[in-house]
Structure formats: structure tokens, C-alpha cells
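Below is one structure, written out as C-alpha cells; the observations come after it.
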Amino acid sequence: MKIAFWSNVRGRSGVTTNMVCISALAAIAGAGKAVLLENHYSCKGIASIILPFGQVEQLKESGRYYNRDGIEYVLKGLYSGKNGEELLRHAAIPLLYTSMYYLPQSYIVNKEVFNYEFSLVYKKLFYNLETFSDNVFIDTERNENLSSSAILAEADLVVVNLVQDKAALREFFDNYSSIQEKSVYLIGAYQPELLFNYRRICYEYHIPKDRTGIIPYNIELSEAMSEGRILQFLNRNYEKASGRDNDYFMRYCKKSSMMVRKNLINLRKIKKEREAKSYINFNPYAL
């Protein structure tokens with residue numbers, strides 16, 4: 001299944017952090033193999049919060065990941081007709097005892113070139129990613145470029161990351177009705193004392209509570225992210241959290257991860273039913 005994490009607000013909703021938390025907790029809980037990727041460059045991208053500084057510097061080596069590893073390597077290989085499974089096995093970085101993988105990007109590729117190359121082979125890419133793993137988590141750029149539009153269209157589920165701000169909330173619900181049918185919602189860096197809290201957002205914008213979750217603000221999480229230790233933080237606090245703040249964070253983060261997983265299970269069921277109906281309609285000898 002393809003799960004796109006997206007927000008209508010840049011830099012305030014915690015898209016990358018939320019995606020890593022949700023996917024990591026699902027992987028720790030044994031909910032299948034996950035692969036993470038992004039379609040944009042950011043100095044605070046996936047690599048910076050899941051990998052130690054030295055490993056991130058390796059990814060930045062001039063030309064290395066553009067030519068030999070990472071998503072650009074996979075895109076070029078797929079376009080050339082190479083075996084997708086082998087490309088991904090070579091390029092993806094294993095995490096959490098190989099229950100989770102990260103498909104890195106180069107730090108030198110031109111944005112327009114990436115979007116063009118992505119648009120040529122994204123269907124092949126998604127097919128191979130879904131063969132490689134159970135769930136594909138994509139950190140999707142806000143800008144309506146070629147790759148973001150393709151990802152949002154192809155995604156089985158869109159996780160919309162909301163902020164506790166009236167103007168930003170209204171802008172999303174007024175202008176993005178096309179993705180709301182297949183969306184669930186996360187309120188990132190959540191602070192319950194703010195005016196637009198979880199209950200008010202659900203009430204005013206008619207969002208079902210079984211499609212809405214929160215990721216509370218947590219100081220220790222922020223520190224772990226700055227050191228590339230977010231996975232260690234989540235793994236260490238999964239069974240028994242250290243301290244009241246971490247217990248509060250983990251409790252709601254687990255609930256949000258379960259919310260996403262339940263919606264994915266329902267989507268898988270619907271998808272299989274549709275495929276079965278299509279097969280019966282196409283094959284007159286199926287019954």
C-alpha cells in the first residue's frame with residue numbers, strides 16, 4: 001500500500017517527523033515491512049533525523065549516491081529496464097532490524113530533472129516498491145509539481161498533516177476536497193492548550209475521530225531528531241516510556257499509528273473486493 005504524507009503548510013506541520021513516527025511504530029509492532037522515501041530535498045529531511053551525522057555526510061558525498069545508490073539510481077535503472085527488486089535491494093538502507101528501509105536521495109540532483117525522471121517511471125517505481133515491502137511511506141512536497149501530483153493521485157491513503165491554526169485549516173478544507181475522500185489526519189507537534197485542539201478541529205471540520213490522530217510535542221523527541229536518533233528514541237520508549245512526558249507522547253503516537261493501520265486494513269479489504277469483482281466481470285467462466 002502507498003501512503004503519502006502531505007501538508008498544505010510548509011515547515012510547521014511536522015510531515016517528516018510524523019511519517020517516521022507512524023511508520024516506525026508500525027514496524028516495531030510487527031505490522032509488516034516498510035520503506036520510506038521523499039520526493040524533495042530538505043536540510044531536515046528523513047536522513048537527518050534517522051541517521052547519525054557521519055552516515056548523513058556519506059550520503060552527501062559528491063556524485064556517490066547519484067551514480068550508485070538512492071532513488072535517482074533506482075529511477076535511472078528502471079528507465080533502462082533493469083530489475084527493480086535488485087535495484088531496491090542495492091539502494092535501500094535497512095533500519096530497525098530490516099523491518100524498515102530508507103531509500104535515500106542524492107543531494108546534488110536538479111529538482112526539475114528529478115521530477116522529469118520520476119514522471120517517466122513512477123508507476124514502475126511504485127509497483128516495485130510494493131513488491132519490495134508491505135507499506136510504502138512517501139514524504140510528499142507541498143508544491144504541486146509533477147512528482148507530488150503523481151504521488152497524491154497514486155496513493156492508496158493520504159495522511160494530511162494539520163496545524164492548530166484557523167487560517168491554515170480553512171485553507172485546506174476549502175481548497176483540497178479532491179484528496180479528502182482518501183485522507184486521514186494527523187495534528188503534529190500537538191499542544192492541547194491551544195484554541196484549535198483535537199476536539200474543536202474534529203467538530204468544526206466534520207472529521208471522523210477514527211480518521212484523526214495527534215502527535216504530541218515532545219522535547220526529548222526534538223533532541224533525538226537533531227542527533228539522528230529518532231528511531232532509537234521510539235524503540236527505547238516503546239514497551240515502557242521513561243517519564244510522564246514520554247509516556248504521554250508514546251501513548252498518543254501509538255494510537256495514531258494504529259489509526260493509520262486500521263484505515264489501511266479497510267482499504268486493502270476494499271481493494272481486494274474490487275479486484276475480485278473486476279475479475280468476475282472480465283472472466284465469464286469465473287463463477
Side-chain angles (χ1 to χ4, degrees), residues 1-7 15-16 18-20 22-23 26-27 31-41 45-46 65 69-95 98-106 109 111-161 178-179 181-184 260-261 263-275 278:
M1 300 291 279
K2 301 175 290 293
I3 308 103
F5 276 65
W6 177 89
S7 177
V15 174
T16 304
N18 296 346
M19 187 181 83
V20 171
I22 295 297
S23 56
K33 183 176 167 184
V35 61
L36 278 58
L37 64 147
E38 61 230 306
N39 76 324
H40 57 99
Y41 168 72
I46 297 173
Y65 263 70
D69 297 280
I71 189 169
E72 292 86 1
Y73 163 83
V74 174
L75 293 176
K76 289 183 179 296
L78 290 173
Y79 183 73
S80 303
K82 293 182 180 178
N83 183 282
E85 188 177 347
E86 290 182 8
L87 289 168
L88 290 171
R89 192 181 298 116
H90 175 76
I93 299 172
L95 305 162
T98 70
S99 60
M100 183 175 173
Y101 287 78
Y102 169 52
L103 184 58
Q105 58 173 285
S106 100
V109 71
K111 187 182 205 177
E112 285 70 29
V113 171
F114 173 84
N115 275 305
Y116 174 71
E117 292 180 344
F118 185 93
S119 69
L120 294 176
V121 295
Y122 72 89
K123 287 188 180 290
K124 279 186 180 179
L125 174 67
F126 286 143
Y127 172 80
N128 282 282
L129 285 168
E130 289 188 282
T131 303
F132 179 75
S133 65
D134 299 293
N135 294 309
V136 182
F137 292 89
I138 313 145
D139 181 349
T140 311
E141 187 176 33
R142 176 184 181 273
N143 292 349
E144 295 178 359
N145 54 39
L146 281 171
S147 59
S148 288
S149 298
I151 290 166
L152 292 175
E154 287 287 317
D156 297 295
L157 184 71
V158 178
V159 180
V160 177
N161 296 260
S178 61
I179 63 171
E181 287 186 6
K182 60 176 180 180
S183 293
V184 296
V260 172
R261 286 159 56 192
N263 279 276
L264 281 173
I265 290 168
N266 290 335
L267 284 169
R268 278 197 184 95
K269 185 178 178 181
I270 292 169
K271 195 174 183 179
K272 286 181 180 179
E273 288 173 354
R274 285 177 180 169
E275 288 172 353
S278 297

* Any ion pair linking D134 and K33 (charged N to carboxylate O, less than 4.0 Å)? -> no
* Would you name the heavy atoms of S99 and A27 that are closest together and state the gap between them? => OG-CB, 3.8 Å
* Asked: Does any N or O in the side chain of N115 come within less than 3.5 Å of the main-chain N or O of S147, such that one atom is a donor and the other an acceptor?
  -> yes
* Interatomic spacing from CZ in F137 to CG in L129 - rounded to 0.5 Å -> 12.5 Å
* Residue pair A155 / A4: nearest heavy atoms and the distance that separates them -> CB-CB, 3.9 Å
* Structure fact -> In this structure, CZ of R261 is separated from CZ of R268 (nearest 0.5 Å) by 10.5 Å
* Could you walk me through whether I138 and E154 pass the side chain to side chain contact (heavy atoms under 4.5 Å, CB included) check? -> CA-CA 11 Å; I138 313 145; E154 287 287 317; over 6 Å; no
* Asked: Is there side-chain contact between I151 and F126, with heavy atoms separated by less than 4.5 Å?
  -> yes
* To do: Please tell me if the side chains of I22 and F5 come closer than 4.5 Å, counting only heavy atoms from C-beta onward.
  => yes
* Asked: Do the non-hydrogen side-chain atoms of I46 and Q105 ever get within less than 4.5 Å of each other?
  -> no
* Structure fact -> dist I179:CD1 -> L157:CG (nearest 0.5 Å) comes out at 10.5 Å
* Examine distances only and state if a side-chain atom of S119 and a backbone atom of Y116 form a donor-acceptor pair shorter than 3.5 Å. => yes
* Can you find a heavy atom in the side chain of L36 that is under 4.5 Å from one in the side chain of M19? -> yes
* Got a donor-acceptor contact below 3.5 angstrom from the T98 side chain to the P94 backbone? -> no
* Structure fact -> Of all heavy-atom pairs linking N128 and L88, the shortest is O-CD1, 3.5 Å
* To do: For the residue pair F118 and L146, establish whether any side-chain heavy-atom pair is separated by less than 4.5 Å.
  => no
* Is any side-chain heavy atom of R274 less than 4.5 Å from a side-chain heavy atom of K271? -> no
* Asked: Which value, rounded to the nearest 0.5 Å, describes the distance between E117 atom CD and L125 atom CG?
  -> 12.0 Å
* Does atom CD of E273 have more than 12 heavy-atom neighbours from other groups under 6.0 Å away? -> yes
* Asked: If we only count heavy atoms from C-beta on, is the I3 to L264 side-chain gap below 4.5 Å?
  -> yes
* Structure fact -> Sorted by chain and residue number, the ring-ring contact (aromatic ring centres under 6.0 Å, His included) partners of F132 (sequence neighbours excluded) come out as Y101
* Test: K76 and E72 ion pair at under 4.0 Å -> no
* Which heavy atom in V20 sits nearest to a heavy atom in M100, and how many Å separate them? -> O-CE, 4.5 Å
* Compute whether any side-chain donor of one residue and acceptor of the other, for N39 and T140, lie under 3.5 angstrom apart. => no
* Asked: Are the side chain of K124 and the backbone N or O of G81 linked by a donor-acceptor pair below 3.5 Å?
  -> no
* Asked: Hey, does F114 have a side-chain heavy atom less than 4.5 Å from the side chain of L75?
  -> yes
* Structure fact -> Closest non-hydrogen contact found for V160 with S183 is CG2-OG, 3.6 Å
* Asked: Of all heavy-atom pairs between H40 and E141, which one has the smallest distance, and what is that distance?
  -> CD2-N, 3.5 Å
* Point-to-point distance, once rounded to the nearest 0.5 Å, from CG of N161 to CZ of R142 -> 13.5 Å
